[in-house]
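Because only heavy atoms are used, hydrogens play no part in the values below, and waters and symmetry mates are left out as well, while side chains stay in. First listed ligand is number 1; within each ligand, the first listed atom is number 1.
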Amino acid sequence: MKPEVTALFDPRTFSVQYVVADPATRKCAIIDPVLDFDEKSGSTATLNADRILDFVEENGLSVQWILDTHPHADHFSAALYLKSKTGAPTAIGERVVEVQKLWKGIYNWPELQDDGSQWDKLFAEGETFFVGEIPARVLYSPGHTLASITYVIGDAAFIHDTLFMPDSGTARADFPGGSAKRLWQSIQQILSLPDDTRLFTGHDYQPGGREPKWESTVAEQKALNTHISKCRTEAEYVAIREARDRTLPMPKLILHALQININGGRLPDPEANGRRYLKFPLDGLKGSNWG
Ligand SMILES: N[C@@H](CCC(=O)N[C@@H](CS)C(=O)NCC(=O)O)C(=O)O
Ligand SMILES: [Fe+2]
């Protein structure tokens, strides 16, 4: 069962958004859509999400699912916006409730509902569903975040921030709730899928300025991934990953994005003057590299 996979690359955040369609029924899932945000002006826009909607319409697709792989730290999720336009249900991994509890503390936000009720469906490890007639299943893939999941849809796996393209290595594991050890274990589970499984990553940072790419296979990742092919043991990987993470500054939108994304992609309610405001902790992420 081979879904038609279309990637929409967002050069502002180096994110890859996907439309995954069943050619037989024309039903599709949208994965990891981006709501545009400019931190310099505070402006939001729906350029990426509208591009997805245009693609869906031009190709006669009907949206069955709006899926996020994890609460993103570098962009806002457009899940709620797309739900308002399509009526399709939103979903994320069930451990999102733990991410909600963690960041509820960091933001000092007692009113935040931390039961995952912002999504229509919370997926557990091993849970199955369909995109049209194509069977799909969920792998719990923590490490980058503690709620991350992989969607395996037919012969394609949407692996988000675990493995990037082979020349780019792997995702960082130093956000609150992250773990290099768990990330290694999640990557091993992904690499145990059949060798010809198509892997679609969540970001491409275009190393060396090459054109953006997002698709690989299990066999290619095993042979060529710069962080994985060299590591024989979990301990070796954890040492490399943690050393690199100590050099990385936080994503520029982490404090903006998490307060939207742990609330299901919902912007803060407007205040009495009709404007929405964000709130940041000062010195809330201890030990961060300033870059
Ligand atoms: N410069 C980017 C960095 C974004 C970032 O940290 N991306 C995460 C995924 S959300 C990652 O794994 N990066 C790996 C790396 O930079 O090596 C930003 O500020 O948004
Ligand atoms: Fe991420």
field: Heavy-atom nearest neighbour of atom 18 (C) of ligand 1 within options Ala257, Pro251, Ser168
entry: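 When every heavy atom of Ala257, Pro251, Ser168 is considered, Pro251 comes closest to atom 18 (C) of ligand 1.
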message: I'd like the name of whichever of Arg244, Arg172, Arg241 reaches closest to atom 16 (O) of ligand 1 through any heavy atom.
response: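 Result: the heavy atom closest to atom 16 (O) of ligand 1 is in Arg244.
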SB check [X] [Y] (cutoff 4.0 Å):
{"X": "Asp38", "Y": "Arg12", "result": "yes"}
{"X": "Lys2", "Y": "Asp155", "result": "yes"}
{"X": "Asp204", "Y": "Arg210", "result": "yes"}
{"X": "Asp167", "Y": "Lys213", "result": "no"}

Exercise: do Gln221 and Ser216 side chains pair donor with acceptor under 3.5 Å: yes
query: Heavy-atom distance under 4.5 Å between the side chains of Pro23 and Ile134, does that happen here?
result: yes
- prompt: Do Asp10 and His75 have side-chain heavy atoms sitting under 4.5 Å apart?
  reply: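 No, too far: nothing below the 4.5 Å cut-off.
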task: Determine, using heavy atoms of Tyr205 and all atoms of ligand 1, whether some pair is separated by less than 4.0 Å.
output: yes
Protein heavy atom at shortest distance from [atom]:
{"atom": "atom 14 (C) of ligand 1", "answer": "Phe164 CE1, 3.8 Å"}
{"atom": "atom 19 (O) of ligand 1", "answer": "Lys252 N, 2.9 Å"}
{"atom": "atom 10 (S) of ligand 1", "answer": "Asp161 OD2, 3.3 Å"}

For [X], atoms of ligand 1 separated by under 4.0 Å from a heavy atom:
{"X": "His203", "result": "9 (C), 10 (S)"}
{"X": "His144", "result": "9 (C), 10 (S)"}
{"X": "Ala171", "result": "12 (O)"}

query: Rounded to 10°, how many degrees is the angle NE2/His144-the Fe ion (ligand 2)-NE2/His70?
result: 90°
- request: Could you walk me through whether Asp161 and His70 pass the side chain to side chain donor-acceptor pair (under 3.5 Å) test, one step at a time?
  value: CA-CA 9 Å; Asp161 302 358; His70 64 287; 3.2 Å; yes
query: Heavy atom under 4.0 Å from ligand 1: found in Phe14's side chain, backbone, both, or neither?
result: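 Neither part.
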- prompt: How about atom 1 (N) of ligand 1: does it have a protein heavy atom within less than 4.0 Å?
  reply: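 No, there is no protein heavy atom closer to it than 4.0 Å.
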- prompt: Does Asn273 CG have over 12 foreign heavy atoms under 6.0 Å away?
  reply: yes
Minimum-distance N/O/S atom that Asp161 presents toward the Fe ion (ligand 2): OD2
